[in-house]
Amino acid sequence: MRRVAKKLFLKTYGCQMNVYDSERMAEALGGQGYETTDRAEDADMILLNTCHIREKAAEKVYSELGRFKHLKAEKPDLKIGVAGCVAQAEGAEIMRRQPLVDLVVGPQSYHRLPQLEAKVQKGERAVETEFPEEDKFDHLAARPKAKRGPTAFLTVQEGCDKFCAFCVVPYTRGAEVSRPAERIVAEARDLVERGVREITLLGQNVNAYHGGEGGLAGLIWTLAKIDGLERIRFTTSHPNDMDDPLIEAHGTCDKLMPYLHLPVQSGSDKILKAMNRKHTAEAYLRIIERLREARPDILLSGDFIVGFPGETEADFADTMSLVGAVGYGQSYSFKYSPRPGTPAAEREDVTEDAKNDRLQRLQALLVAQQRAAQDAMVGREVRVLFEKPGRLEGQMGGKSEYLHAVHVHAPDAERGQIARVRVTGSAANSLAGELV
Ligand code: 5AD
Ligand code: SF4
């Protein structure tokens with residue numbers, strides 16, 4: 001008799017690392033007979049893979065959990081778990097506040113999911129938020145050989161030792177750890193065999209990677225030798241780890257895409273210092289200049305925080321002028337929110353009104369820059385990696401080298417194909433183009 005698969009509903013919040021982690025969790029539970037479902041009502045297990053980076057994250061998790069109450073009432077065998085960074089930060093507290101939860105697992109322990117699942121099946125509750133000695137990647141089930149889409153994430157480094165004064169990551173993800181290069185290369189080869197053409201290397205501090213010779217640049221050059229792997233990206237980087245070989249690789253490695261996410265957070269030296277960023281605005285601008293010397297068309301993306309404790313109008317004006325000087329093609333900006341346990345949480349907060357006002361002004365500038373960068377593509381030829389059919393008949397959608405979404409009429413095109421495309425139009429969030 002065929003065993004009926006149990007169903008797993010997995011909801012992912014936050015960064016791309018969580019997307020990667022969720023895939024690995026689904027695989028780990030696949031070994032226990034679980035298949036994923038996108039309907040919580042059908043699930044035998046619900047897992048929330050949470051993010052703790054900004055405000056109200058934990059509250060969102062509690063309210064989401066509350067919504068599952070009726071499901072558990074209808075189906076008493078339903079198991080509910082919380083994973084990710086909120087799990088790491090609040091483990092026991094979640095168990096205390098929300099009796100519905102059977103399982104709490106931190107980001108460094110999800111390779112133990114099979115044992116934890118067995119435990120909750122016996123009716124016990126399980127909390128696992130240690131930073132174990134063993135490498136979770138070694139203990140994860142090998143990925144099943146199923147076909148994959150053309151793009152994939154691959155975690156190469158985790159954790160952070162930088163301790164920016166606002167950030168919970170060093171506490172939730174722990175110290176910086178790099179995976180050995182051989183393992184990454186093996187995983188990349190496997191992904192390529194399964195149809196992947198573009199890999200984005202992930203790490204909280206990806207350019208601090210030191211798991212093989214030559215750091216991240218060395219790893220990129222090794223990966224570039226894999227036949228069939230056409231594109232390499234990486235995220236997220238810290239300015240202080242943009243070393244010479246990495247800047248150079250942007251100019252010389254064809255497979256490394258001309259796009260870089262390089263957060264600066266603020267343009268004021270006083271605030272950068274208070275944030276413990278350990279670089280000045282000038283040093284950041286110099287890196288941008290060198291990147292553009294290496295690769296003039298590189299598209300830059302950034303993260304910004306407004307209203308960090310102590311930020312004055314003059315400090316904010318410095319951020320606006322840095323943004324003006326760089327010209328970002330993409331960006332993410334946030335109001336500072338005090339995170340419990342971080343040094344800045346103890347400092348006096350800027351008023352909510354000032355934060356709102358500054359965020360609005362900054363975003364107006366960033367959106368205008370983003371739009372200008374996108375509009376400047378019109379008339380140019382780009383290469384698009386086709387990912388999925390578009391909404392219109394015969395249309396295909398994918399990303400350009402610069403990570404712009406592009407839609408093209410290409411009835412004969414296949415997913416995974418890279419096509420030369422002339423950009424013909426620029427809309428709110430995507431470009432239109434035609435095959436060359
Ligand atoms: N408040 C606001 N934004 C934050 N970020 C990280 N911590 C905070 C915080 N406490 C932002 C930073 C970081 C991005 C991932 O999230 O800009 O680069
Ligand atoms: Fe957080 Fe700073 Fe580390 Fe980035 S570099 S993860 S912002 S502490």
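For ligands, and for the atoms within them, numbers begin at 1 and follow the listed sequence. Scope of the values below: all heavy atoms of this structure, side chains included, with no hydrogens, waters or symmetry mates.
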Next on the checklist: Give me the nearest non-hydrogen protein atom to atom 4 (Fe) of ligand 2 as residue plus atom name, then the distance to 0.1 Å.
Outcome noted: Gln204 O, 4.4 Å
Checklist outcome for this item: atom 11 (C) of ligand 1 sits nearest the protein heavy atom Arg54 NH1, 3.4 Å
Checklist entry - Should the pair Glu93-Arg96 be classified as a salt bridge under the 4.0 Å nitrogen-to-oxygen rule? => result yes
Item to check | atom 8 (S) of ligand 2: nearest protein contact (heavy atom, Å) | outcome: Cys164 N, 3.3 Å
Next on the checklist: Please list, in number order, the atoms of ligand 2 under 4.0 Å from a heavy atom of His238.
Outcome noted: 5 (S)
Checklist entry - At a 4.0 Å threshold, what atoms of ligand 2 neighbour a non-hydrogen atom of Pro170? => result 8 (S)
Checklist entry - Can Arg39 be said to sit on top of Phe9's aromatic six-ring, NZ or CZ under 6.0 Å from centre and within 45° of the ring axis? => result no
Next on the checklist: Just to be sure I read this right, does ligand 1 sit under 4.0 Å from the backbone of Ile305, its side chain, both, or neither, counting only heavy atoms?
Outcome noted: side chain
Checklist entry - Got the closest protein heavy atom to atom 6 (C) of ligand 1, with its distance? => result Ile53 CG1, 3.4 Å
Next on the checklist: To the closest 0.5 Å, what do you measure between CG (Asn18) and CZ (Arg24)?
Outcome noted: 12.5 Å
Next on the checklist: Checking Arg380 against Tyr402 for the side-chain hydrogen bond (donor to acceptor under 3.5 Å, both in side chains) test, could you report, in this order, the C-alpha distance in whole Å, the side-chain angles of both residues, the deciding distance, and whether it holds?
Outcome noted: CA-CA 12 Å; Arg380 284 179 57 179; Tyr402 310 98; 2.8 Å; yes
Next on the checklist: Among all the protein's non-hydrogen atoms, which is closest to atom 7 (N) of ligand 1, and how far away is it?
Outcome noted: Phe166 CD1, 3.3 Å
Item to check | Min N/O separation Phe334 to ligand 1 under 3.5 Å | outcome: no
Next on the checklist: Quick one about Thr129 and Gln88 (side-chain donor to acceptor, distance below 3.5 Å, no hydrogens or angles considered), yes or no?
Outcome noted: no
Checklist entry - Relative to the heavy atoms of Phe166, which atoms of ligand 2 are at a distance of less than 4.0 Å? => result 7 (S)
Checklist entry - Hey, is ligand 1 close enough to Arg339 that some N/O pair sits below 3.5 Å? => result no
Checklist entry - Quick one: which ligand 1 atoms are inside 4.0 Å of a heavy atom on Lys335? => result 1 (N), 2 (C)
Checklist outcome for this item: ligand 1 atoms nearer than 4.0 angstrom to some heavy atom of Gln265 are 12 (C), 13 (C), 17 (O), 18 (O)
Checklist entry - Which heavy atom of the protein is the closest neighbour of atom 15 (C) of ligand 1, given with residue, atom name and distance? => result Asp303 OD2, 3.7 Å
Checklist entry - Is Tyr336 in polar range of ligand 1, meaning some N or O pair under 3.5 Å apart? => result no
Checklist outcome for this item: protein heavy-atom neighbour closest to atom 1 (Fe) of ligand 2 works out as Cys167 SG, 2.3 Å
Checklist entry - Is the NZ or CZ atom of Arg339 both under 6.0 Å from the centre of the six-membered ring of Phe166 and within 45° of that ring's axis? => result no
Item to check | Asn205 neighbourhood, listing ligand 2 atoms whose heavy-atom distance to it stays under 4.0 Å | outcome: 3 (Fe), 5 (S)
Next on the checklist: If I take every N, O or S atom of Cys160, is at least one of them less than 2.8 Å from atom 3 (Fe) of ligand 2?
Outcome noted: yes
Checklist entry - Can you tell me if Asn49 and Ser22 form a side-chain donor-acceptor pair at under 3.5 Å? => result yes
Checklist entry - Considering only protein heavy atoms, which is closest to atom 9 (C) of ligand 1, and at what distance to one decimal place? => result Ser337 O, 3.6 Å
Checklist entry - Where does Phe163 meet ligand 2, judged by heavy-atom distances below 4.0 Å: at the side chain, the backbone, both, or neither? => result backbone
Checklist entry - Is the closest basic N to carboxylate O distance between Glu64 and Arg67 below 4.0 Å? => result yes
Next on the checklist: Around atom NZ of Lys270, are there more than 12 heavy atoms from other residues, nucleotides or ligands closer than 6.0 Å?
Outcome noted: yes
Item to check | Ion pair check, Asp241 and Lys162, cut-off under 4.0 Å | outcome: yes
Item to check | Residues Arg361, Glu313: salt bridge by 4.0 Å N-O rule | outcome: yes
Checklist entry - If you measure from the Lys or Arg side-chain nitrogens to the Asp or Glu carboxylate oxygens, is any gap between Arg173 and Glu158 under 4.0 Å? => result yes
